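Each remark here refers to the structure printed beneath this line.
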Protein chains: 2
Amino acid sequence: MSDQLALENQVCFPIYALAREIVNHYRPFLDELDITYPQYLVLLVLWKETELAVGQLGERVFLDTGTLTPLLKRMQQKELVSRQRSTQDERIVMVSLTPKGIKLKEQACSIPQKLMESMQVTPEELNLLKEVVCRILNKQK
Amino acid sequence: MSDQLALENQVCFPIYALAREIVNHYRPFLDELDITYPQYLVLLVLWKETELAVGQLGERVFLDTGTLTPLLKRMQQKELVSRQRSTQDERIVMVSLTPKGIKLKEQACSIPQKLMESMQVTPEELNLLKEVVCRILNKQK
DNA sequence: TAAAATTATATTGCACACAATATAATTTAC
DNA sequence: GTAAATTATATTGTGTGCAATATAATTTTA
């Protein structure tokens with residue numbers, strides 16, 4: 001009869017710990033680009049979409065405006081993105097990449113490879129992990 | 001040839017998202033005990049160990065003193081833990097549970113079950129997930 | 001069509017998370 | 001035995017995360 005309330009028996013704790021470990025592994029590579037991990041996530045979306053409302057961006061990266069608004073302002077200060085209210089609907093703020101933001105993709109392209117090496121994971125482990133994690137994540141809706 | 005720099009091709013992003021989703025699922029249950037998720041992790045350790053130095057606690061939950069010191073002070077204010085410098089070595093601060101902190105375990109024992117139901121995961125999924133995550137986590141040392 | 005409801009973003013407040021630095025106590029090396 | 005190095009915790013500063021609330025614009029409804 002094992003103790004449910006023991007750290008070593010928790011499933012969520014390793015996920016929580018791994019998530020932070022991942023961000024820490026990204027850090028040196030992202031430092032070179034002067035961005036943080038959540039900012040990198042925003043860039044990953046914008047490199048595909050060019051222009052998106054704050055709310056749509058939030059749906060993609062699972063972050064709300066309380067997190068995104070100040071984050072986007074910091075990215076604006078670094079001249080990576082521009083923010084401007086839609087003229088059609090003035091409630092909406094459209095976010096788009098600046099030339100500097102677009103150009104950053106060139107420096108970022110080697111990051112996925114570097115990260116995998118840094119974390120010493122095999123593609124097989126990654127795929128298995130992604131499959132299980134996404135299956136659970138999709139249940140949350 | 002798929003784009004490595006696409007959010008849907010990232011493995012780390014789902015883990016990052018799932019970790020936050022987990023904390024959000026814990027929130028309503030932990031709110032009842034007036035604690036946060038990292039505070040819950042500290043309690044999980046202390047319910048086993050009774051007394052531990054700040055540094056040892058940090059090794060268990062993978063948090064450094066910049067996070068732990070203020071967190072423990074908040075727990076002290078809520079009278080869940082006590083902190084006192086070791087007389088043997090005055091650099092060391094020993095953390096232990098107060099009677100209130102010990103008693104909280106009774107209210108916490110139902111949380112693991114509640115969480116699993118809340119997240120709609122099967123024990124099989126959990127075990128598979130834990131195995132893969134821990135394998136990768138252990139590589140980081 | 002004007003009040004009510006909804007929508008989109010912003011603000012505030014609190015609690016992490018972590019790098020960098022500081023401080024104080026203990027060990028070590030000479 | 002004392003200066004230097006190490007160890008343990010604390011502090012500071014920046015950047016998330018997220019709940020709760022605010023604000024302003026648009027849409028719905030009576």
Side-chain angles (χ1 to χ4, degrees), chain A residues 13 16-43 52-59 61-78 80-81 83-95 140, chain B residues 13 16-28 30-31 33-43 52-59 61-78 80-81 83-95 140:
Chain A
F13 171 61
Y16 180 71
L18 180 59
R20 286 187 286 123
E21 194 66 27
I22 287 170
V23 173
N24 290 338
H25 275 274
Y26 267 108
R27 199 182 315 278
F29 308 126
L30 295 180
D31 277 351
E32 289 178 31
L33 313 195
D34 189 28
I35 55 175
T36 64
Y37 183 68
Q39 290 171 16
Y40 174 67
L41 295 180
V42 166
L43 287 175
L52 222 51
V54 172
Q56 296 175 305
L57 201 47
E59 281 177 26
V61 294
F62 300 142
L63 290 169
D64 76 355
T65 66
T67 303
L68 275 181
T69 296
L71 183 152
L72 291 170
K73 283 182 178 175
R74 284 187 288 271
M75 293 182 78
Q76 188 179 28
Q77 284 211 315
K78 288 189 276 198
L80 296 175
V81 303
R83 299 157 63 242
Q84 47 187 356
R85 293 213 171 256
S86 164
T87 45
Q88 267 87 71
D89 185 339
E90 293 204 359
R91 293 169 304 180
I92 294 176
V93 172
M94 296 303 292
V95 182
Q140 315 305 320
Chain B
F13 171 61
Y16 180 70
L18 181 60
R20 286 187 287 121
E21 193 67 29
I22 287 170
V23 174
N24 290 338
H25 276 274
Y26 267 108
R27 199 182 316 279
L30 296 179
D31 277 351
L33 314 196
D34 188 29
I35 55 175
T36 64
Y37 183 67
Q39 288 171 17
Y40 174 67
L41 295 180
V42 167
L43 287 175
L52 223 51
V54 172
Q56 296 175 307
L57 202 47
E59 281 177 25
V61 295
F62 300 142
L63 290 169
D64 75 356
T65 65
T67 303
L68 275 181
T69 297
L71 183 151
L72 291 170
K73 284 182 179 175
R74 284 186 289 272
M75 292 182 78
Q76 188 179 29
Q77 283 210 316
K78 289 189 276 198
L80 295 175
V81 302
R83 299 158 62 243
Q84 47 189 357
R85 292 211 172 259
S86 163
T87 46
Q88 266 88 74
D89 184 339
E90 293 206 0
R91 293 170 304 179
I92 295 177
V93 171
M94 298 302 291
V95 182
Q140 314 308 318

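This is a predicted model, so every value here is computed, not measured. Only this structure's heavy atoms are used, side chains among them; waters, hydrogens and symmetry mates stay out. Each chain gets a letter, A, B and so on, in the order the sequences are listed, and its residues count up from 1.
- OP1 and OP2 of C:dT9 both lie 4.0 Å or more from every side-chain N or O belonging to A:Arg85.
- By the 4.5 Å heavy-atom criterion applied to side chains, B:Leu71 and B:Pro38 are counted as neighbours.
- Between B:Glu59 atom CD and D:dT7 atom P the separation is 13 Å, expressed in whole Å.
- A sub-4.0 Å separation between OP1 or OP2 of D:dA8 and a side-chain N or O of B:Arg83 is absent.
- For B:Ile92 and D:dT6, the CD1 to P distance is 18 Å, given to the nearest whole Å.
- Of the possible donor and acceptor atoms, none in the side chain of A:Asn24 sits under 3.5 Å from a partner among the backbone N and O of A:Arg27.
- The side chain of B:Arg20 contributes an N or O atom lying less than 4.0 Å from OP1 or OP2 of D:dC18.
- Applying the salt bridge (charged side-chain N to carboxylate O under 4.0 Å, His left out) rule to A:Arg91 yields the partners A:Asp89; only residues at least two apart in sequence or on another chain are considered.
- Using a 4.5 Å cut-off on side-chain heavy atoms (C-beta onward), A:Glu90 and A:Ile92 make no contact.
- Computed from coordinates, the A:Asp31 CG to C:dA19 P distance equals 9 Å when rounded to whole Å.
- Across the protein-nucleic acid pair, A:Leu72 atom CG and C:dA8 atom P stand 16 Å apart, rounded to whole Å.
- At least one donor-acceptor pair closer than 3.5 Å links the side chain of A:Gln56 to the backbone N or O of A:Ala53.
- The shortest distance between side-chain heavy atoms of B:Val93 and B:Leu72 does not fall below 4.5 Å.
- Take the nearest nucleotide of DNA chain C for A:Asn24 and for A:Ala53: the residue whose nucleotide is more 5' is A:Ala53.
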Candidate pair A:Leu43 and A:Leu33, rule side chain to side chain contact (heavy atoms under 4.5 Å, CB included), full reasoning: CA-CA 12 Å; A:Leu43 287 175; A:Leu33 313 195; over 6 Å; no
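- Atoms CD1 (B:Ile35) and P (C:dA15) sit 13 Å apart, rounded to a whole Å.
- Contact annotation: the side chain of A:Tyr37 approaches that of B:Phe13 to within less than 4.5 Å [non-hydrogen atoms, C-beta and beyond].
- When every heavy atom of B:Leu68 is checked against every heavy atom of B:Leu63, the shortest pair comes out as CD1-O, 3.8 Å.
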Write out a two-atom table: protein N or O, nucleotide N or O from nucleotides 11-15 of chain D, distance below 3.5 Å.
| residue | atom | partner | partner atom | Å |
| --- | --- | --- | --- | --- |
| D:dT11 | OP2 | B:Lys73 | NZ | 2.6 |

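- Residue A:Tyr16 has a polar side-chain atom (N or O) positioned under 4.0 Å from OP1 or OP2 of C:dA17.
- The rotation axes computed at either terminus of the helix from C:dT1-D:dA30 to C:dC30-D:dG1 lie 10° apart, taking five pairs at each end and rounding to 10 degrees.
- Summarising the geometry, the separation between CE on A:Met94 and P on C:dA8 is reported as 12 Å, rounded to the nearest angstrom.
- Using a 4.5 Å cut-off on side-chain heavy atoms (C-beta onward), B:Met75 and B:Val42 make contact.
- Applying the side-chain contact (heavy atoms from CB on, under 4.5 Å) test to A:Gln76 and every residue at least two apart in sequence or in another chain returns A:Val81, A:Arg83.
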Table of protein N/O atoms under 3.5 Å from nucleotides 1-3 of chain C N/O atoms:
none

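- Contact of the A:Leu52 side chain with the A:Val95 side chain is not registered, since no non-hydrogen atoms from C-beta on lie closer than 4.5 Å.
- The interatomic distance linking B:Glu21 (CD) with D:dC18 (C1') rounds to 12 Å, in whole Å.
- Side-chain contact check for B:Tyr16 versus A:Ile22: every heavy-atom pair is 4.5 Å or farther apart.
- Side-chain atoms of B:Leu30 and B:Thr36, non-hydrogen and from C-beta on, never get closer than 4.5 Å to each other.
- Between the P atom of C:dA8 and the CG atom of A:Leu57 lies a distance of 14 Å, rounded to the nearest Å.
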Check the interface with nucleotides 26-29 of chain C: list each N/O to N/O pair with the protein under 3.5 Å, or write none.
| residue | atom | partner | partner atom | Å |
| --- | --- | --- | --- | --- |
| C:dT26 | OP1 | B:Gln88 | O | 3.4 |
| C:dT26 | OP1 | B:Glu90 | N | 3.2 |

